[in-house]
Peer 1: 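Before anything else, here's the structure in question.
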2 protein chains.
Amino acid sequence: MYDDLKQFVTQFAHLSREEWEAVMPFIEIRNLKKNDYFIREGEIARYISFTQKGYLRVLYNHDGNEITRDISPLHTFVTALPSYVSQTPSFEIVQAITDCELFVIYRDHLEALYDRYNNWQRVGRRIMEEMFVQTQSRIYAFITQPAEVRYDEMMKQFPDIFQHVPLQYIASYLGITSQSLSRLRRSVKF
Amino acid sequence: MYDDLKQFVTQFAHLSREEWEAVMPFIEIRNLKKNDYFIREGEIARYISFTQKGYLRVLYNHDGNEITRDISPLHTFVTALPSYVSQTPSFEIVQAITDCELFVIYRDHLEALYDRYNNWQRVGRRIMEEMFVQTQSRIYAFITQPAEVRYDEMMKQFPDIFQHVPLQYIASYLGITSQSLSRLRRSVKF
DNA sequence: TTGTTTTTTTACCAAATGTTAAAAAAATTC
DNA sequence: GAATTTTTTTAACATTTGGTAAAAAAACAA
């Protein structure tokens, strides 16, 4: 049932049986249809989600344009983090790109788990460290690589995403317009 | 002595007197001269630094060009994080931009502190959350703002940096060449 | 100070990406 | 399946940024 979740978290720290089972009562299964919202604009992000099935994106409205900041790979945690950590209204929106099955954990429950088990707190810390490292490499990509290379790398790293995610979201994630993405896709082919 | 450090960490969690004092024996003061290295390329990052005085930058060599990924504001933690978390040789270099006074803490000591005090583990987690949120807003800037706006925002947010940090490092941090930075600085003036 | 090295600026041209508009293709709805 | 809506592609032109080279300015060293 929670195999993927278990595998994900135990990458970061070994958990005793008791520690692992302590999270169980806090996991809530939520199914979203394509285009449903996980977090709406202005809402306070009171929970975090592990994507068991499907793809979410994190976006925000910038002068009427939707800016996709993140497209979640399978089996990772997603929320509108700025809102989640500060418990203030979210400028970010989290939306289902495809039908999704999510494991949802409320922040209050997770914080209680952290209070009780140092080891869970460690898992939380290590996951954040890892996410930070990944975000940094994305910044390196923006600094050093033209859009075409960023696109190629993304295709290599997340080939499954291209079967499920509209190109306009991918273009925004790469920091270009969908017209530009179209153009560089054409030039790559030949 | 450690007032700035104490203020920084207690932003993230309240610490009892015992908890605060537990870190003291682990703090090592290190002074760097301008251009000295804190972490060298290929070295394993075995410690983290709080910049009490001065500015560090995090960079790496990309086809012979130095790419500045980060310029540390005063009173924050810095290390070559990918190496630090995985304990593998660092591709990133951490170098003093100005003379620096650093509070250095070894990873082994910090991990021991985390093991012993859940509250310190919490501080570590919250700092990583905060750093992640900041890095994300930098990604938003890359996606939505042209270099000129990114430059203006940086000047607003870190005006002190411009008195100490060479423009070429700032250009690289902004993701442009120093020639381009020169050009847009000229156009802003009038 | 003088000479040397490094950094910043300027200029010109090239390449990458944005903007606007419209057509084509695909997905969705009735 | 036909009509409608959304997404993707194409095209022409504008703007931003990069690359190369060299001059000017600043920092550093003898």
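So that the names make sense, note that chain A is the first sequence line, chain B the second, and so on, each numbered from 1. The basis for the numbers below is simple: all heavy atoms, side chains too, and nothing from hydrogens, waters or symmetry mates.
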Peer 1: Check the distance between C/dA16's P and A/Asp152's CG and give it to me in whole angstrom.
Peer 2: 13 Å

Peer 1: Does the cation-pi check pass for A/Arg138 over A/Tyr173, that is, NZ or CZ under 6.0 Å from the six-membered ring centre and within 45° of its axis?
Peer 2: yes

Peer 1: Ring centres under 6.0 Å, that's the criterion: do A/Phe162 and A/Phe158 meet it?
Peer 2: no

Peer 1: Expressed in angstrom and rounded to an integer, what is the separation of A/Arg183 atom CZ from C/dG18 atom C1'?
Peer 2: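 A/Arg183 atom CZ is separated from C/dG18 atom C1' by 8 Å.
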
Peer 1: With a sphere of 6.0 Å drawn around CD of A/Glu21, does it hold more than 12 non-hydrogen atoms of other residues, nucleotides or ligands?
Peer 2: yes

Peer 1: Any donor-acceptor pair under 3.5 Å linking the side-chain atoms of A/Arg107 with those of A/Tyr84?
Peer 2: no

Peer 1: Just wondering, more than 12 heavy atoms not from B/Arg30 lying within 6.0 Å of its CZ?
Peer 2: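 Correct, the count exceeds 12.
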
Peer 1: Determine, for B/Tyr114 and A/Arg122, whether the Lys NZ or Arg CZ falls below 6.0 Å from the six-membered ring centre while staying within 45 degrees of the axis.
Peer 2: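 No, A/Arg122 does not lie over the aromatic ring of B/Tyr114.
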
Peer 1: May I ask you to check whether B/Tyr47 and B/Tyr106 place their ring centres under 6.0 Å from each other?
Peer 2: yes

Peer 1: By nearest heavy atom, map B/Ser182 and B/Ile143 onto DNA chain C; which one lands nearer the 5' end?
Peer 2: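 Its nearest nucleotide lies further toward 5', so the answer is B/Ser182.
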
Peer 1: Tell me: CD of B/Gln145 to P of D/dT16, nearest whole Å?
Peer 2: 15 Å

Peer 1: For this output row, return yes or no: ring centroids of B/Tyr2 and B/Phe50 closer than 6.0 angstrom.
Peer 2: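 Between B/Tyr2 and B/Phe50, the centre distance exceeds or equals 6.0 Å.
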
Peer 1: Once you round it to whole Å, what is the distance between P of C/dA25 and CZ of A/Arg185?
Peer 2: 15 Å

Peer 1: Mark yes or no for whether A/Ser172, through its side chain, and A/Thr68, through its backbone, hold a donor-acceptor pair below 3.5 Å.
Peer 2: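 The answer is yes, because a donor-acceptor pair under 3.5 Å joins these two groups.
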
Peer 1: Taking protein heavy atoms under 4.0 Å as touching, what does nucleotides 24-30 of chain D look like 5' to 3' if B marks base contact, S marks sugar-phosphate-only contact and - marks none?
Peer 2: ----S--

Peer 1: Within this structure, what is the CG-to-P distance between B/Asn65 and D/dT20, rounded to whole angstrom?
Peer 2: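 After rounding, the reported distance stands at 10 Å.
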
Peer 1: Find the bend of the helix from C/dT1-D/dA30 to C/dC30-D/dG1 as the angle between its two terminal axes (five pairs each), to the nearest 10°.
Peer 2: 60°

Peer 1: Would you say the side-chain atoms of A/Ser90 pair up with the backbone N or O of A/Glu92, donor to acceptor, closer than 3.5 Å?
Peer 2: yes

Peer 1: Rounded to whole Å, please give me the gap between OH in B/Tyr151 and P in D/dT16.
Peer 2: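 It is 17 Å, rounded to the nearest whole Å.
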
Peer 1: Is the side chain of A/Ser16 donor-acceptor paired with the backbone N or O of A/Glu19 at a distance under 3.5 Å, no angle test?
Peer 2: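 Confirmed, A/Ser16 side chain pairs with A/Glu19 backbone.
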
Peer 1: Where along residues 164-181 of chain A does a heavy atom come under 4.0 Å from DNA chain C, residue by residue in number order?
Peer 2: A/Gly175, A/Ile176, A/Thr177, A/Gln179, A/Ser180

Peer 1: How many whole angstroms separate atom CZ of A/Phe142 from atom P of D/dG18?
Peer 2: 14 Å

Peer 1: What is the distance, rounded to the nearest whole Å, between atom NE2 of B/His62 and atom P of D/dG18?
Peer 2: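 Spelled out: NE2 on B/His62 to P on D/dG18 is 13 Å.
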
